[in-house]
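Here is the structure we will look at, set down as structure tokens.
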Amino acid sequence: MSAAVSSLGELREQINAFLVHEAALADQHRYDEWLELWSSDAIYWVPCNEDDYDPARHVSIIYDDYGRLQERCFRLNSEGAHSQDPPSRLCRIIGNEEVSRNGDGNVQVHANMILVEVRGGEKNIYGARLEYALQPEGDSFKIKHKKVVLLDNDEPLGNLTFLL
């Protein structure tokens with residue numbers, strides 16, 4: 001985070017631009033660029049059945065460290081990702097960001113997401129609450145932690161082989 005970002009309003013604008021950029025990369029299947037947004041000690045978590053629990057002791061829809069994120073992006077970039085052939089058409093809207101600074105220098109962000117996926121003649125709409133821990137880096141950020149709490153995480157879900 002640049003020293004020029006002095007007010008919370010400026011920080012919110014910078015966070016909004018970052019989240020919109022991350023969403024665009026995911027929607028456009030630009031997996032290598034999306035992966036570059038993450039820190040090497042990152043966690044990407046999508047809880048299952050409950051919104052908050054110990055992911056080491058309970059099943060999650062996704063619980064990836066950086067190595068697993070690399071594998072996920074490699075698979076999506078390959079011709080072997082049969083569940084994404086043809087790729088899902090995606091469009092997401094991120095909004096209602098709440099931004100706060102942590103004592104550790106990171107930025108905590110809560111936001112809402114609506115994601116529309118179209119594939120194979122079917123349309124799916126996903127609503128979620130997002131939680132981020134962002135580490136300032138230069139004039140941007142690295143994602144240290146992203147938690148996607150799907151509103152229907154306790155219902156049967158279809159093919160979630162795209163990036164949330």
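These numbers come from a predicted model, not from an experiment. Heavy atoms only: backbone and side chains are in, while hydrogens, waters and symmetry mates are out. Index from 1, following the sequence.
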Considering residues at least two apart in sequence or located in another chain, which fulfil the side chain to side chain donor-acceptor pair (under 3.5 Å) criterion with [X]?
X: Asn102; answer: none
X: Asn49; answer: none
X: Glu33; answer: Arg30

Would you call [X] and [Y] a side-chain contact if the rule is heavy atoms closer than 4.5 Å?
X: Ser60; Y: Pro47; answer: no
X: Leu163; Y: Leu90; answer: no
X: Lys142; Y: Trp38; answer: no
X: Tyr44; Y: Lys147; answer: no
X: Leu37; Y: Phe18; answer: yes

Stepwise side-chain contact (heavy atoms from CB on, under 4.5 Å) check, Leu115 with Ile125: CA-CA 6 Å; Leu115 169 64; Ile125 299 173; over 6 Å; no
Is Ile93 atom CD1 crowded by more than 12 heavy atoms from other residues, nucleotides or ligands, each under 6.0 Å away?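 At most 12 heavy atoms, drawn from other residues, nucleotides or ligands, come within 6.0 Å of this atom.
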I need the [X] [atom1] to [Y] [atom2] distance, nearest 0.5 Å.
X: Ile94; Y: Asn16; atom1: CD1; atom2: CG; answer: 9.5 Å
X: Tyr132; Y: Asn106; atom1: OH; atom2: CG; answer: 15.0 Å
X: Asp64; Y: Gln70; atom1: CG; atom2: CD; answer: 11.0 Å
X: Arg92; Y: Phe162; atom1: CZ; atom2: CZ; answer: 8.0 Å
X: Gln135; Y: Asp104; atom1: CD; atom2: CG; answer: 9.0 Å
X: Leu19; Y: Arg12; atom1: CG; atom2: CZ; answer: 13.0 Å

Side-chain heavy atoms under 4.5 angstrom apart, residues restricted to Ile, Leu, Val, Met, Phe, Trp, Tyr: same cluster for [X] and [Y]?
X: Leu160; Y: Val149; result: no
X: Leu150; Y: Val116; result: no
X: Leu157; Y: Leu130; result: yes

Between [X] (side chain only) and [Y] (backbone N and O only), is there a donor and an acceptor less than 3.5 Å apart?
X: Glu71; Y: Tyr66; value: no
X: Lys146; Y: Leu164; value: yes
X: Ser88; Y: Val118; value: no
X: Asp152; Y: Glu155; value: no
X: Arg119; Y: Pro86; value: yes
X: His21; Y: Ala17; value: no

Which heavy-atom pair separates Asp139 from Gln14 by the least distance, and what is that distance?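 Closest approach of Asp139 to Gln14, heavy atoms only: O-NE2, 2.6 Å.
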Before giving the answer on side-chain contact (heavy atoms from CB on, under 4.5 Å), spell out for Glu22 and Trp34 the whole-Å C-alpha distance, their side-chain angles and the decisive distance to 0.1 Å. CA-CA 6 Å; Glu22 184 212 1; Trp34 181 82; 3.2 Å; yes
Counterpart residues, ring-ring contact (aromatic ring centres under 6.0 Å, His included), relative to His29 (two or more places apart):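 With neighbours one apart ignored, the set is Tyr31.
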What verdict does the side-chain contact (heavy atoms from CB on, under 4.5 Å) test give for Ile114 and Asn112, after you've listed the backbone C-alpha separation in whole Å, the side-chain angles of each residue and the deciding distance to 0.1 Å? CA-CA 7 Å; Ile114 300 293; Asn112 293 331; over 6 Å; no
Tyr53: which other cluster members, linking ILVMFWY side chains closer than 4.5 Å, directly or transitively?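 Traced through the cluster, Tyr53 reaches Ile43, Trp45, Tyr63.
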Who are the salt bridge (Lys or Arg N to Asp or Glu O under 4.0 Å) partners of Glu131, not counting sequence neighbours?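 Scan of Glu131 (salt bridge (Lys or Arg N to Asp or Glu O under 4.0 Å), adjacent residues dropped) gives none.
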With side-chain contact (heavy atoms from CB on, under 4.5 Å) as the criterion, how do Cys48 and Asn153 come out once you've worked through the C-alpha distance, each side chain's angles and the decisive distance to 0.1 Å? CA-CA 5 Å; Cys48 180; Asn153 68 8; 5.6 Å; no
